[in-house]
Amino acid sequence: MTPHLTRRHVLGLGALQTAAALGFTRIGPAAAAEVEPAAAHYAPAIVVGSGYGAAVAALRLGRAGVRTVVLEMGRLWETPGSDGKVFPSTSAPDQRSMWFRTRTEAPLAQFLWLDVVNRDISPYPGVLDRVNYGDMSVYVGRGVGGGSLVNGGMAPTPRRAYFSEMLPRVDADEMYGTYYPLARAMLGVNDIDPAWFESTEWYRFARTSRKHAQNTGLKTVFVPNVYDFAHMKAEAAGTAPRSALAGEVIYGNNHGKKSVDKTYLAAALGTGNVTIETLQRVVAVRPDPAGGYVLTVRSIDLAGRVTGTRELGCAQLFLGAGSLGTTEILLRARETGALPLLSEKVGLGWGHNGNVMTARANHLWDTVGADQSTMPALGIDDWDNAANPVFAEIAPLPMGFEHWISMYLAITRNPERGSFTYDAATDSARLNWRRDQNTPSVNAAKNLFDRINRRNVTVYRHDLFGGNRAFADNFTYHPLGGCVLGDATDDFGRAKGHPGLYVVDGSLVPGSLGVNPFVTITALAERNMARILAQDPR
Ligand code: FAE
């Protein structure tokens with residue numbers, strides 16, 4: 001198992017900080033074309049995106065001695081703004097919050113039916129994007145680190161039986177014996193100190209929800225996280241700068257969170273073989289007649305203006321642009337005839353991991369506290385309920401005052417799947433997902449929370465998600481699928497029909513995992529990269 005902070009890893013962190021201080025869009029050594037002008041390829045390997053799957057690919061390629069360029073459409077998040085912070089807090093969003101928006105689009109749109117949550121902002125390559133596709137919106141991270149920059153850090157491992165049901169052709173012994181432990185160690189997954197959890201004001205909200213679950217005969221479990229709980233304790237004690245205890249999460253954490261820029265990507269840069277280029281959006285891929293692939297890449301500036309379009313060649317191409325990004329790149333390539341041999345299954349098998357949010361109003365004596373940590377630490381585990389399996393994360397709602405609200409992100413088992421189609425008019429992929437496909441998720445969540453409400457004589461809140469609804473089923477944080485393992489690719493993420501082209505991210509996962517997905521995305525990428533590096537010609 002690799003220790004968290006090797007000397008090379010520290011070198012990588014230093015490279016990130018230097019690039020940020022100097023405003024570079026390239027981090028690491030110059031790419032091949034500049035050093036060897038005669039080289040046909042810009043780099044032997046290109047990785048698109050810099051989230052979990054991409055970060056694993058970059059590190060493993062770098063360690064194998066393969067010169068690798070990572071292309072990320074977002075920016076590097078290391079430089080403090082005029083307020084001295086890299087990221088804004090959830091309660092005071094600004095241009096850094098969202099990807100080229102004039103107004104923020106937070107998941108919780110309202111409070112007491114009032115539009116008090118969102119703010120007007122100026123367009124900028126901010127860290128959180130909400131990709132709106134009619135009936136379904138998808139939240140994703142943008143920047144070096146992808147979703148790891150904005151997520152809640154929850155790092156559970158799925159039930160083995162459900163994992164095997166979703167990915168029956170993946171060797172579960174190997175995953176649970178080797179790659180899950182490796183992923184957890186590399187990501188820096190840690191557990192909350194139960195004694196501190198029981199005593200701190202910052203998790204009163206979770207204890208109150210736990211009491212209501214237990215009253216109903218339901219089981220709760222602690223959920224591991226990549227936020228450093230020792231740092232959080234120090235925040236509470238006043239000896240470390242506050243982040244999780246200062247309302248920071250969906251627009252980035254200034255401290256405490258082990259996002260992949262701090263773990264995998266720093267280690268990748270530390271190999272000396274990996275370069276990360278930011279504000280670079282890959283828009284097309286075609287085969288190079290001489291072997292390998294040619295990418296069309298657009299550079300943008302901080303105002304979103306296209307400052308250049310280049311063609312870059314590579315021998316091996318690793319797509320880690322996330323479920324939406326990777327699927328769009330491949331679908332466009334297939335439909336425009338650039339990569340005609342790609343599988344018909346590219347674009348299929350998409351799901352939202354059964355995500356539904358809901359909230360309950362508590363009695364006056366059941367306080368949730370004005371002080372709430374933004375990092376969830378507890379879940380209601382009713383997955384064994386055969387008719388309505390639900391794993392519900394007890395979510396914070398840190399508003400700085402007592403509001404008596406218990407909030408949840410329910411992960412349900414939803415057999416519905418969406419698909420993407422290529423829209424030539426806009427040159428983009430459209431997600432086909434109808435609202436009624438959420439019915440199994442809403443029914444399962446309703447079944448669970450109706451029981452909790454009945455037992456505790458409480459009611460749903462209808463004022464938080466817009467449209468007077470008690471269940472927010474119009475957005476997801478967990479896009480999965482689109483290039484499903486074993487369907488659109490072989491059993492290790494090799495794209496069918498085009499040797500040297502690989503998928504390494506959440507688009508491999510067939511729509512549902514039963515728990516939050518990033519540990520699984522990381523572990524699968526580790527497994528697939530080990531096989532690819534051992535077997536495939538370079
Ligand atoms: P991802 O992390 O999305 O990275 C893709 C990267 O590719 C991004 O940086 C994009 O900017 C970049 N990209 C896309 N298209 C292009 C292109 N054409 N050219 C260049 N770059 C491109 O991919 N999961 C958990 O397990 N636990 C949680 O607590 C949790 N909370 C979440 C909270 C929020 C608000 C959000 C948005 C997500 C949350 N997730 C959570 C989901 C998790 O972050 C997500 O599953 C992973 O980030 C997906 O990893 P990928 O490697 O698939």
Side-chain angles (χ1 to χ4, degrees), residues 46-57 70-75 77 90 99 106-107 125 127-131 137-158 183 187 189 223-227 249-252 257 259-261 264-265 276-285 295-300 318-330 332 352-353 355 374-377 379 393 395 409 411 428-429 475-483 503-509 513 515-522 524-525:
I46 289 183
V47 176
V48 182
S50 62
Y52 292 92
V56 172
V70 176
L71 300 171
E72 167 56 51
M73 68 190 270
R75 53 162 283 199
W77 291 95
T90 313
W99 182 256
V127 71
L128 181 69
D129 199 356
R130 175 175 170 138
V131 185
S137 295
V138 184
Y139 282 100
V140 291
R142 298 269 181 241
V144 176
S148 76
L149 297 167
V150 296
N151 67 33
M154 292 182 81
T157 300
L187 292 166
V189 174
V223 183
N225 204 294
V226 292
Y227 197 92
V249 59
I250 60 168
Y251 303 136
K257 164 99 84 73
S259 44
V260 296
D261 51 324
Y264 273 101
L265 292 172
I276 303 174
E277 298 189 22
T278 60
L279 299 168
Q280 306 294 322
R281 178 154 176 257
V282 173
V283 291
V285 183
L295 284 73
T296 308
V297 184
R298 253 179 230 151
S299 317
I300 59 162
F318 295 83
L319 296 178
S323 165
L324 307 184
T326 291
T327 306
E328 180 169 83
I329 289 169
L330 289 182
R332 182 188 287 129
H352 59 37
N353 207 18
N355 279 191
T374 56
M375 295 294 140
E393 142 194 348
L409 170 64
I411 296 175
S428 62
F475 62 80
T476 181
Y477 302 118
H478 299 168
L480 295 172
C483 303
V503 175
V504 294
D505 56 26
S507 55
L508 293 171
V509 179
L513 274 173
V515 295
N516 318 57
F518 73 62
V519 173
T520 299
I521 294 170
T522 306
L524 263 185

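Predicted, not measured: the structure shown is a model, and the values here were computed from it. Ligands are counted one by one from 1 in listed order, and the atoms in each one are counted from 1 as well.
- The CG atom of L71 lies 9.5 Å from the OG atom of S299; values are rounded to the nearest 0.5 Å.
- Of the N or O atoms in G506, one or more lie within a sub-3.5 Å distance of an N or O in ligand 1.
- Between the side chain of R332 and the backbone N or O of V283 there is at least one donor-acceptor pair closer than 3.5 Å.
- The shortest non-hydrogen separation linking Y139 to P107 is OH-N, 3.1 Å.
- The distance criterion of under 3.5 Å between nitrogen or oxygen atoms is met by M154 with respect to ligand 1.
- Between V189 and the choices V226, N225, T522, the side chain to side chain contact (heavy atoms under 4.5 Å, CB included) rule is met once, by V226.
- Residue contacts with ligand 1: Q280 is included, with a non-hydrogen atom under 4.0 Å away.
- Checked by distance only, ligand 1 and G53 come closer than 3.5 Å through their nitrogen or oxygen atoms.
- Between V150 and ligand 1, not a single N/O pair is under 3.5 Å apart.
- The atoms of ligand 1 that sit less than 4.0 Å from any heavy atom of G146 are 2 (O), 4 (O), 8 (C), 9 (O).
- Close N/O approach between I250 and ligand 1 is not found [any backbone or side-chain N/O within under 3.5 Å].
- Polar contact with ligand 1: absent for I329 (N/O pair, distance under 3.5 Å).
- When E72, R142, R130 are checked for heavy-atom proximity to atom 9 (O) of ligand 1, E72 turns out nearest.
- Between the side chain of D505 and the backbone N or O of G53, no donor-acceptor pair lies under 3.5 Å.
- Closest heavy-atom approach to atom 31 (N) of ligand 1 among the candidates L319, N151, D129: N151.
- Separating the CE atom in M73 from the OG atom in S50 is a distance of 10.5 Å, to the nearest 0.5 Å.
- In terms of protein heavy atoms, atom 18 (N) of ligand 1 is closest to V282 O, 3.0 Å.
- Checked against a 3.5 angstrom limit, the closest N/O atoms of G145 and ligand 1 fall outside it.
- Residues V515 and N353 share a closest heavy-atom pair of O-ND2, 3.0 Å.
- Distances below 4.0 Å separate heavy atoms of G322 from the following atoms of ligand 1: 5 (C), 23 (O), 53 (O).
- For the atom pair E72 CD and Q280 CD, the distance stands at 10.0 Å (nearest 0.5 Å).
- Interface of L71 with ligand 1, defined as ligand atoms under 4.0 Å from a residue heavy atom, comprises 20 (C), 21 (N).
- The CG atom of N355 sits 8.5 Å away from atom CG of L480, with the distance rounded to the nearest 0.5 Å.
- Listed here is the closest heavy atom pair of V504 and A525: O-CB, 3.7 Å.
- In N516, the parts holding a heavy atom less than 4.0 Å from any atom of ligand 1 are both the side chain and the backbone.
- Taking every non-hydrogen atom of Y139 and a distance limit under 4.0 Å, the qualifying atoms of ligand 1 come out as 37 (C).
- Relative to atom 3 (O) of ligand 1, the option among S507, G51, G147 with the closest non-hydrogen atom is G147.
- The atoms of ligand 1 that sit less than 4.0 Å from any heavy atom of P517 are 24 (N), 25 (C), 26 (O), 46 (O).
- Proximity of atom 45 (C) of ligand 1 to the protein is not indicated, since no non-hydrogen protein atom lies closer than 4.0 angstrom.
- The protein non-hydrogen atom at the shortest distance from atom 26 (O) of ligand 1 is F518 N, 2.8 Å.
- Per-residue contacts place G141 under 4.0 angstrom from the following atoms of ligand 1 (heavy atoms of the residue considered): 8 (C), 9 (O), 10 (C), 11 (O).
- A donor and an acceptor atom, one from each side chain of Y52 and N151, are located under 3.5 Å apart.
- Counting non-hydrogen atoms of neighbouring residues, nucleotides and ligands closer than 6.0 angstrom, the CZ atom of R298 reaches no more than 12 such neighbours.
- The distance from ligand 1 to the heavy atoms of G320 drops below 4.0 Å at these ligand atoms: 5 (C), 6 (C), 7 (O).
- What sits closest to atom 47 (C) of ligand 1 on the protein, heavy atoms only, is Y52 CD1, 3.6 Å.
- Here CG of N516 is found 5.0 Å from CE of M154. Values are rounded to the nearest 0.5 Å.
- Considering backbone and side-chain atoms together, I521 places no N or O closer than 3.5 Å to any N or O of ligand 1.
- The minimum heavy-atom distance linking R75 with P125 is given by the pair CG-O, 3.8 Å.
- Between the CG atom in D261 and the CD1 atom in I276 there is a gap of 8.5 Å [rounded to 0.5 Å].
- Of the N or O atoms in G325, none lie within a sub-3.5 Å distance of an N or O in ligand 1.
- Residues V48 and A54 approach most closely at O-CB, 4.1 Å, considering heavy atoms.
- Of the protein's heavy atoms, Y477 O, 3.3 Å lies nearest to atom 38 (C) of ligand 1.
- Applying the 4.0 Å criterion to heavy atoms of R281 picks out, from ligand 1, the atoms 18 (N), 19 (N).
- Note: no N/O pair closer than 3.5 Å links V519 and ligand 1 by distance alone.
- Assignment of G143 to the shell around ligand 1 is supported, since a heavy atom sits closer than 4.0 Å.
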